[in-house]
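Each remark here refers to the structure printed beneath this line.
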Amino acid sequence: MRLTTLGDLILDVIVSLDGSLVPGDDRPATIRAGAGGQAANVAAWAQALGADSRLVCRRGGDPAGELAAHEVRAHGVEIVGPLGGRGGVVVSLAAGGDRTMASDRGEATGLAPGELDDAWFDCDVLHVSGYALHGGLIAEAAGAAVRAARAKGATVSLDLSTFTLADAAFAARVRDVAPDVVFANEREHETLGPLDARLVLKRGAAGIVVDGVAHEAVPTTVVDATGAGDALAAGFLVGGPALGLEAAARCCAKLGAMP
């Protein structure tokens with residue numbers, strides 16, 4: 001299977017806390033820095049699960065961008081797209097299995113349609129990060145990528161990614177993309193409303209619902225939920241619900257979003 005993803009490659013800084021932060025004081029934590037970004041995570045997990053993966057993105061040429069790219073390539077993923085400028089960084093605070101993120105996407109949003117090569121989208125599945133549809137040049141690039149992939153017979157999947165940024169313009173872009181498969185949690189699904197697509201409804205510890213059938217989550221000890229939805233999407237696209245849930249459980253059991 002050939003999978004292409006489009007979206008962000010960023011540096012993930014994950015802070016695992018035993019308790020709440022103390023304003024104006026110190027709190028011991030376990031901190032990990034490594035590659036992340038929804039599109040990068042899906043590509044890396046898909047590669048680990050047996051796919052041939054390519055990541056399309058605009059990435060920073062600074063130390064943060066180079067560190068993230070080195071790790072993704074180490075997972076066997078091909079990275080294509082323009083290079084230069086400031087790399088994106090996301091700080092994720094993980095406590096009790098939940099997470100809160102502060103995001104700086106750096107160069108990612110500047111990916112322009114004219115910087116794409118149609119050959120990058122010769123694939124079986126194109127997976128688009130929902131963050132790519134929130135505006136900027138990358139939203140136009142996502143539309144061009146979808147058209148190029150469909151011209152080559154690819155299926156298009158989309159992760160809605162967040163409900164807090166899902167305004168009317170985002171909803172219109174989602175409908176223009178007309179994905180074949182949509183990954184969404186319950187809040188995202190409620191915010192966007194019905195879509196003419198196969199829905200993979202993510203319910204956290206309760207598992208997923210696909211085609212009206214509930215699939216239970218694989219039991220695991222949750223260390224960090226960062227990237228679990230991306231692992232689920234990769235596994236589902238490569239091998240269906242069971243593989244998706246297995247990958248999500250593996251991701252939750254460790255610190256960090258990569259395999």
Side-chain angles (χ1 to χ4, degrees), residues 2-14 32-49 51-92 99 101-113 115-117 119-121 123 125-142 144-146 149 157-159 161-162 165 183 224 226-231 233-234 237 247 251 255-259:
R2 298 166 301 164
L3 177 92
T4 294
T5 66
L6 183 142
D8 293 6
L9 169 61
I10 53 91
L11 183 67
D12 251 348
V13 179
I14 301 170
R32 175 195 177 276
Q38 190 174 80
N41 294 339
V42 172
W45 276 100
Q47 186 78 27
L49 296 170
D52 183 11
S53 297
R54 174 185 292 128
L55 166 64
V56 179
C57 63
R58 171 177 276 275
R59 61 185 180 87
D62 60 356
E66 289 302 319
L67 179 61
H70 176 77
E71 183 175 348
V72 171
R73 288 196 183 102
H75 286 290
V77 176
E78 178 189 7
I79 303 175
V80 296
L83 168 68
R86 186 173 56 85
V89 179
V90 170
V91 177
S92 178
R99 64 189 174 96
M101 297 188 296
S103 302
D104 177 352
R105 297 177 63 196
E107 291 293 310
T109 59
L111 181 66
E115 296 172 323
L116 304 180
D117 184 334
W120 297 343
F121 305 101
C123 57
V125 179
L126 170 64
H127 181 75
V128 178
S129 167
Y131 292 110
L133 298 182
H134 286 294
L137 286 172
I138 193 173
E140 299 175 31
V146 167
S157 68
L158 172 72
D159 194 312
S161 306
T162 173
L165 302 177
F183 296 90
D224 174 23
T226 305
D230 303 333
L237 293 171
C251 187
L255 195 62
M258 290 275 157

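If you read the sequence from its start, that first residue is 1, and numbering goes on from there.
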Please find the pair of heavy atoms, one from [X] and one from [Y], that lie closest to each other, and give the distance.
X    : Y    : result
A141 : L116 : O-CD1, 3.4 Å
D12  : G37  : OD2-N, 4.4 Å
A247 : A231 : CB-O, 3.4 Å
M258 : A44  : SD-CB, 3.4 Å
A142 : V128 : CB-CG1, 4.3 Å
G130 : S161 : N-OG, 3.0 Å

Hey, does [Y] have a side-chain heavy atom less than 4.5 Å from the side chain of [X]?
X    : Y    : result
H127 : L6   : no
R58  : I138 : no
L111 : P82  : yes
T5   : S129 : no
R32  : D224 : no
N41  : T226 : no
W45  : L237 : no

Verify, without hydrogens or angle tests, whether [X] (side chain) and [Y] (backbone) share a donor-acceptor contact under 3.5 angstrom.
X    : Y    : result
D117 : A119 : yes
Q47  : S53  : yes
T4   : W120 : yes
R59  : A68  : no
E107 : G85  : no

Exercise for the section: Report the C-alpha distance between V56 and E115 in whole Å, list the side-chain angles of each, state the deciding distance to 0.1 Å, and finish with yes or no for side chain to side chain contact (heavy atoms under 4.5 Å, CB included). Expected result: CA-CA 10 Å; V56 179; E115 296 172 323; over 6 Å; no
Practice task
Flag the pair D104 and R86 as a salt bridge only when some basic side-chain nitrogen lies within less than 4.0 angstrom of an acidic carboxylate oxygen.
Solution key: yes
Roughly how far, to the nearest 0.5 Å, is the [atom2] atom of [Y] from the [atom1] atom of [X]?
X    : Y   : atom1 : atom2 : result
H70  : H75 : NE2   : NE2   : 10.0 Å
Y131 : Q38 : OH    : CD    : 6.0 Å
D52  : L3  : CG    : CG    : 9.0 Å

